[in-house]
Every structure is written in structure tokens, then in C-alpha cells.
Amino acid sequence: MPLGLGRRKKAPPLVENEEAEPIRGSLGGVEVGSGGSVAALQPGLPPPPASLRPRLVFHTQLAHGSPTGRIEGFTNVKELYSKIAEAFKIPPAEVMFCTLNTHKVDMDKLLGGQIGLEDFIFAHTKGQRKEVEVFKSEEALGLTITDNGAGYAFIKRIKEGSVIDRIQVINVGDMIESINGQSLIGCRHYEVAKMLKDLPKGRTFTLKLTEPRKAFDMISQRAAGGKHNSSSQLGTGRGTLRLRAKGPATVEEQLSAFEERAIEKVDDLLESYMGIRDTELAATMVELGKDKQNPDEFAEALDERLGDFAFPDEFVFDVWGAIGDAKVGRY
């Protein structure tokens, strides 16, 4: 059966130009339980009691400056933010996003779905709020949008020379609270990107933004992220804690060269076809496709796991080809 025949479509392609992005197996049979501890698993045997399991502890600071805190016992991003908030006695809603191993607003170091076991976590909290009127003189605004996995969408990249680049008060790291008065709290990156794309050209619209609170040495900079550097390495530890939206977090080895390259290529295709960047989504697609025998099997796996995205057939073909190229070393 040709690819796409009989595939269930839930919605038309999300966006075409406006961009958006937001944040594997086990290592030696090690899995993180719901309490954040690690258990060595053997086939057919239940995990040992929580009291006998070693624990994963991460060090963290508030990006604008704070004492060092220690956090543990989280299995997803929302729980991570809650643990950070608990450590520093702030409301969880104050945490906008986290970066790894730098206190700066560096989108190449953004915490997504994985944390190196030796990574240091910096939490960026809400700072100044601002309201900006933007005249949409071109179809594409030049924004890349990501989200924090907990209901906040923010600016990951601003394209040089674009409409937004000419507005100096809009910066990388700014959270988008609303567009024309419509709240975006709880929206995913692709929903925000579609709303921005659908705004009529030649009209003015209003953005309400919240910038991350800055340390003294960050006040004068517009923040990193103007150019995409997909080859940057986040994890520095020997293993990685992968946070999942559904199911327990797992400790796993660092990605292979094939996986890294395949994820990069799939992420580029997500941007080209759908206007979003999302390395966690790209990693899931690579994981679904790396063991499939043909594109039809891959398409069925995508529909079952990621049907809400309604990927177009030509996109699925290209993703299948990109995974195959990375597998054989055609970079």
C-alpha cells in the first residue's frame, strides 16, 4: 500500500514558514523510578525497594544569582520546575526555562528532554513584563518559537534582518504571554507559531512578553540564539537522564553519532516543512524509525504515536530518507 493511503489525518499541516521549537532505552538496565531514584533492572524481576536504590542529585542555581541548591526526585520537566521552586522558595510558575552549564540566555544550552548526569542546571525566572506593537510588513516575522514543556512558549531565535530583529525591545528568551489579548499560557510551540503565521500581513498586532530576570553581566546583551548551532552538545556527563512526558524518566548512554546526526537532520526537516524546531520530537521520530523496514511501517508508527501532528506524506518520506542517510553515514 503506498505511503499515506488510509492514513488518518487529524488536521492540515500546522504552519509553513513561521518557526517554532520549546524541551532512550536504559543505561545498563538502569531506570529512574517515580521518586527520582535509580534502580538496576534484571529481566523478569521487579525493581528493588526505593530505600535500596541509589539517588540522582543535581545541582542548580537561579540564573540571575543565588546559592547552589540540590534537587532530586523528578521524572519530567514540570516536576523539575517544582523541585527548583521548592529549593529556592519561589512559586513554580516563576520558572520560565532552564539552561545547562551556563547562567546566560543561551538557546544552544537550553534544557529539553535530556540532562547529562553531571550537568549543572540554571533556572531562568520571570523578570520585566512588556507590551509591544508590531507591524507585520512581511509574511514571516523571523521568530523561532520553543516551549518549556510546562505551558510557556518563548522566543528561541530571531532571524537577522527580520521584522522582529528590527524591534530591539524583543529579545531571545522572552516568554510570549499573549497575542492581541489572547492568552498563550498552556499553548505548545506549534500553536503559537501558527497563530503568528496566521496574523494578516500589513496589520499591527500586540505582543505581551515577559523577559527572563537577568544577572548584572547579562543586562547589556541581547542574548545568544540569533544563529542556530545544531551541533552543540548539551550533556557533559557520562550518561543522560531523559525526561518523558509520559512514563518514567530513564538513564541512558549518550547518543550515538548516527542518532545525533539523524536528529539534527529531522529537526531541520521539521523547520522546513512545518515551521517548528523540536529536538525532543525529532529524537522520538528517529527512535520510531531506526528499526523500521520500510516507510509504510514508519508512517504507521508515526500515526500511532504522534498522530496529533498530522505530518504530510512528503514530509514522512523525507524523514525516512534522512534517517536512512544518517544510518549509512551519508551526512
Side-chain angles (χ1 to χ4, degrees), residues 1-26 76 112-114 144-147 149 153 156 187-195 197-198 228 230-231 240 242-250 252-253 255-331:
M1 181 177 68
L3 175 65
L5 292 181
R7 291 183 64 212
R8 177 166 46 91
K9 296 273 188 169
K10 295 190 176 182
L14 298 173
V15 288
E16 296 177 359
N17 296 315
E18 204 55 58
E19 304 173 8
E21 178 163 345
I23 271 346
R24 301 179 171 286
S26 60
N76 57 52
Q114 300 187 83
T144 294
I145 308 299
T146 189
D147 63 50
K156 186 176 188 213
C187 291
R188 292 299 314 275
H189 48 33
Y190 58 86
E191 295 173 309
V192 177
K194 186 177 188 304
M195 288 182 64
K197 179 183 181 300
D198 289 346
H228 176 58
S230 57
S231 62
T240 297
R242 183 174 182 188
L243 307 176
R244 302 174 186 271
K246 297 180 181 179
T250 53
E252 50 197 45
E253 294 178 341
L255 298 175
S256 66
F258 148 67
E259 289 171 318
E260 288 182 352
R261 182 56 180 168
I263 290 169
E264 179 185 341
K265 290 170 73 72
V266 172
D267 203 20
D268 288 343
L269 287 170
L270 282 169
E271 182 173 16
S272 175
Y273 273 89
M274 303 181 67
I276 68 174
R277 292 199 73 90
D278 189 330
T279 53
E280 185 177 357
L281 176 60
T284 299
M285 298 181 75
V286 172
E287 186 175 347
L288 290 173
K290 64 182 180 182
D291 296 325
K292 297 297 183 290
Q293 299 302 311
N294 57 65
D296 287 323
E297 288 185 7
F298 179 47
E300 290 175 4
L302 288 178
D303 281 344
E304 181 177 349
R305 182 83 168 270
L306 301 169
D308 288 343
F309 286 89
F311 296 120
D313 290 340
E314 60 271 22
F315 169 74
V316 176
F317 270 122
D318 281 354
V319 170
W320 172 256
I323 295 173
D325 287 346
K327 193 178 296 184
V328 299
R330 287 198 295 266
Y331 297 159

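All values reported here derive from a predicted model rather than from experimental measurement.
- Heavy atoms only, all atoms of each residue included: I323 and F258 are closest at O-CE1, 3.6 Å.
- Contact detail for F315 and M285: the closest heavy-atom pair is CE2-CE, 3.6 Å.
- How far CD1 of I263 is from CG of L270: 11.5 Å, rounded to the nearest 0.5 Å.
- Looking at F298 and V319, their side chains come closer than 4.5 Å, going by heavy atoms from C-beta outward.
- Shortest non-hydrogen contact noted between V316 and F311 is CG2-CB, 3.9 Å.
- In plain terms, the two heavy atoms of D318 and L269 that are nearest each other are O-CD1, 3.6 Å.
- Of all non-hydrogen atoms in K292 and A301, the two that sit nearest each other are CE-CB, 3.7 Å.
- We find the CG-CZ distance between L281 and R188 to be 8.0 Å, quoted to the nearest 0.5 Å.
- The only member of T284, V266, D267 that meets side-chain contact (heavy atoms from CB on, under 4.5 Å) when paired with T279 is D267.
- A donor-acceptor pair under 3.5 Å links the side-chain atoms of K327 to the main chain of K290, judged by distance alone.
- Checked for salt-bridge contact, K194 and E191 miss the test: no charged N lies under 4.0 Å from a carboxylate O.
- Separating the CH2 atom in W320 from the CG atom in D325 is a distance of 11.5 Å, to the nearest 0.5 Å.
- Taken from CD in E297 to CG in L302, the straight-line distance is 12.0 Å, to the nearest 0.5 Å.
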